[in-house]
Amino acid sequence: MQQMKKLLREILGATKDDNFMHIIENIEVIVSKVLSIFMVIVILVAIGDLGVFILKELFTAPYAKFNTTLYKIFGLFLNILIALEILENITAYLRKHVFQVELVIVTSLIAVARKIIILDLEKVGGIDIIGLGIAILALSISYLIIRLSNSKNTR
């Protein structure tokens with residue numbers, strides 16, 4: 001009976017605001033570390049995939065087809081850059097325990113730029129291109145606003 005009361009007191013103590021927030025913060029740190037390890041694995045696999053693709057395509061693709069191969073290579077490079085930006089977001093969170101909106105916007109800009117670079121204009125309608133343009137405009141304006149507010153805060 002004494003152990004039940006003690007256990008009940010510990011459970012109630014853990015649900016107090018400070019203790020509960022400490023537990024949540026610890027869980028966030030653990031999840032962030034696991035995500036960063038997984039992201040490193042993804043990046044290494046993507047680099048290996050890029051290397052295999054480059055070697056295979058450069059030595060087997062006919063010369064006239066190199067332009068389309070080049071776009072695929074650019075897409076794979078940008079995939080790795082996007083993964084690196086996501087890893088930077090995670091590590092920045094681990095350092096400061098704050099999501100850096102500027103990094104998220106930059107990652108989004110890279111993702112949209114990748115989409116535009118690998119876009120097959122013969123298969124895409126005008127509305128899709130307009131949508132990507134609006135996305136780039138909105139992200140660029142957001143980035144500008146964040147940069148301006150950050151520069152004012154550092155003065």
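Of all heavy-atom pairs spanning S36 and L94, the tightest one is OG-CD1, 4.5 Å. Minimum heavy-atom separation, A111 to I82: CA-CD1, 3.5 Å. Minimum heavy-atom separation, L119 to I129: CD2-CG1, 4.1 Å. The two atoms that bring L78 and R114 nearest to each other are CD1-CA, 3.5 Å, heavy atoms only. The two atoms that bring I90 and S32 nearest to each other are CG2-O, 3.3 Å, heavy atoms only.
One hydrophobic cluster holds both F74 and I47 under the rule that ILVMFWY side chains link at heavy-atom gaps under 4.5 Å. One hydrophobic cluster, built from ILVMFWY side chains closer than 4.5 Å, cannot hold both V45 and L50; they sit in different ones. Cluster annotation: L109 is not connected to V104 through the hydrophobic network of ILVMFWY side chains, with a link wherever side-chain heavy atoms come within less than 4.5 Å. Hydrophobic clustering keeps V31 apart from V34 (ILVMFWY residues linked when any side-chain heavy atoms are closer than 4.5 Å, directly or through intermediates). Side-chain heavy atoms closer than 4.5 Å link hydrophobic residues (I, L, V, M, F, W, Y) into clusters, and following such links, possibly through other members, connects L81 to V106.
Separation of atoms CG (N89) and CG (L35) is listed at 11.5 Å; rounding is to 0.5 Å. Here the straight-line distance linking atom CD1 of I30 with atom CD of E25 works out to 12.0 Å at 0.5 Å rounding. Distance check, rounded to the nearest 0.5 Å: CD1 of I80 to CG of L44 gives 9.5 Å. Note: L132 CG to L139 CG = 10.5 Å, rounded to the nearest 0.5 Å. The CD1 atom of I37 sits 10.5 Å away from the CG atom of L87 when rounded to the nearest 0.5 Å.
Every residue meeting the side chain to side chain contact (heavy atoms under 4.5 Å, CB included) condition with I141, not counting sequence neighbours, appears here in chain and number order: L137, I145. With sequence neighbours excluded, the residues satisfying side chain to side chain donor-acceptor pair (under 3.5 Å) with E28 are Y93.
Within a 6.0 Å radius of CD1 in I127, no more than 12 heavy atoms belonging to other residues, nucleotides or ligands are found.
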> Can T91 and R95 be said to form a side-chain contact (heavy atoms from CB on, under 4.5 Å), step by step?
Replying inline: CA-CA 6 Å; T91 55; R95 275 188 230 114; 3.6 Å; yes
>> Pair I136, I116 - check side-chain contact (heavy atoms from CB on, under 4.5 Å), show working.
In response: CA-CA 10 Å; I136 287 177; I116 290 172; 3.0 Å; yes
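Considering only heavy atoms from C-beta on, M39 comes within 4.5 Å of I43 through its side chain.
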